Amino acid sequence: MSESFPSIRMRRLRQNSAFRRLFSETHVLPAQLVLPMFVREGLSEPSPIPSMPGVMQHSIDSLRSAASEAARLGLGGIMLFGVPESRDATGSGATDPAGILNVATRAVASEVGDALVVQTDLCLDEFTDHGHCGVLAPDGSVDNDATLVRYQEAAVVQADAGSQLLGLSGMMDGQVGAVRAALDDAGHVETAVLAYSAKYASAFYGPFREAVESTLKGDRRTYQLDPANRRQGLREAALDIAEGADVVMVKPAGGYLDVVADLAAMSPVPVWAYQVSGEYSLLEAAASRGWVDRRRAIVESVLGIRRAGADAVMTYWAAELAAWIIDGGIE
Ligand code: PBG
């Protein structure tokens, strides 16, 4: 009689919360989360970003206190983005020790010490008047090798300011090797490099561009990856690893979990994924209409990125998620 009934019963391991907890394959710890933060020159109060409800452009003071809150929650790190008051063709603000990002880095590094890893975006796009991630050639194209020199200068200034991990997000060829060499020459051998290796030309960066008041016209498709390409993402990462990257990253995360999984299977260095502004804002928008359960959808989205193989996740929900984890878990 029992022959027609299953003897293998997968539901045994799901029968109650104790079973489910014991057999959960993937966990999220606060230490595996990195919070991206924006700091805007000239602010005395934090200013909300309309396209990213719940996310602020910080003043130096509010950034400082949000950074110590992040440390208190046990986050792995924070990634700082600067929004300057004025911009120019070469993105001078990025290499000016008195530029907003470098000033903020100094303030935050002295505030949090070694409680978490202070990281900075190493790119020119927030500082150029044309909004591209590099400097332009006379014909208007983005000049790869001239940009590398600017990245080398920015790297040393950021390390001098106290950044411990530089996020190379510009997608110029050779950027990891160029920056590593400049850091070593300047004696910054301890400063680590996070390569945004598989960074796709994505519509999901839309809200971020509002957050940094981007002036970009056109797109970044001559340097960021074509969303159709998986192999190229892996090859970019392999090159970055060969050039000395300490960490490689896939960005965005949600739509690129195949790339995360492939990279996790082959990478000898840690693999991170960046759950970007559009991923954040889409979910927040749906949740605000009651179309998804906000907390469960956030947890599921980050769990999916970890399950695909990311060792750590950059997410705008990092602090809130850490608070949930501390406060009884996210089952
Ligand atoms: C470039 C940079 C971007 C993001 C992080 N670094 C924007 C871009 O490439 O256009 C996007 C992050 C997000 O959307 O959350 N410095």
Side-chain angles (χ1 to χ4, degrees), residues 33-40 49-57 77-84 87 91 93-95 99-101 105 119-135 142 147 150-151 154-155 158 163 165-172 175 179 193-227 233 236 247-256 272-285 298 301-302 305 313-318:
L33 300 172
V34 175
L35 177 66
M37 303 172 96
F38 303 101
V39 55
R40 192 190 191 292
I49 300 163
S51 61
M52 300 180 73
V55 180
M56 299 282 166
Q57 283 184 336
I78 52 177
M79 170 63 74
L80 306 179
F81 293 92
V83 186
R87 304 170 193 227
T95 47
I100 180 63
L101 179 57
T105 302
Q119 311 168 37
T120 45
D121 184 54
L122 200 170
C123 198
L124 295 180
D125 64 315
E126 285 95 29
F127 299 95
T128 52
D129 51 13
H130 45 75
H132 275 294
C133 294
V135 293
V142 175
T147 300
R150 298 289 296 128
Y151 287 178
Q158 291 188 356
S163 178
L165 178 57
L166 309 184
L168 275 61
S169 65
M171 289 301 284
M172 293 300 124
Q175 62 183 10
V179 161
V193 169
L194 157 67
Y196 285 52
S197 300
K199 177 173 178 180
Y200 289 86
S202 174
F204 289 86
Y205 307 148
F208 174 96
R209 300 215 179 141
E210 180 176 317
V212 299
E213 302 169 25
S214 173
T215 51
L216 181 71
K217 293 190 184 65
D219 60 55
R220 306 197 196 287
R221 285 186 288 183
T222 68
Y223 40 107
Q224 297 180 346
L225 285 162
D226 181 337
E236 287 276 5
V247 188
V248 292
M249 190 156 72
V250 177
K251 175 185 175 188
Y256 298 83
W272 290 11
Y274 192 153
Q275 184 176 50
V276 301
S277 58
E279 297 177 78
Y280 175 89
S281 300
L282 259 65
L283 198 154
E284 288 289 349
I298 291 171
S301 70
V302 174
I305 297 165
V313 182
M314 283 185 55
T315 173
Y316 298 97
W317 288 303

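Since the structure is predicted, the reported quantities are computational estimates derived from the model, not experimental observations. Indexing begins at 1, ligand by ligand and atom by atom, following the structure's order.
Ligand 1 is surrounded by Phe81, Asp121, Cys123, Asp125, Glu126, Ser169, Lys199, Phe204, Tyr205, Phe208, Arg209, Arg220, Gln224, Lys251, Tyr274, Val276, Ser277, Tyr316, each with at least one heavy atom closer than 4.0 Å.
Between Thr120 and Met79 the shortest heavy-atom distance is C-SD, 3.3 Å.
The salt bridge (charged side-chain N to carboxylate O under 4.0 Å, His left out) contacts involving residues 122-133 comprise Asp125-Arg220, where partners must be two or more places apart or lie in separate chains.
The aromatic rings of Tyr316 and Phe38 sit parallel to each other, their planes meeting at less than 30°, with 60° as the upper class boundary. Aromatic ring pairs are classed by plane angle as parallel below 30°, tilted from 30° to 60° and perpendicular above 60°; the pair Tyr200 and Tyr256 is parallel.
Side chain of Gln175 to main chain of Tyr151: no donor-acceptor pair is present (N/O by atom type, distance under 3.5 Å, no hydrogens or angles).
Remark: of the listed residues Leu35, Leu101, Ile100, Leu101 is the sole one forming a side-chain contact (heavy atoms from CB on, under 4.5 Å) with Leu80.
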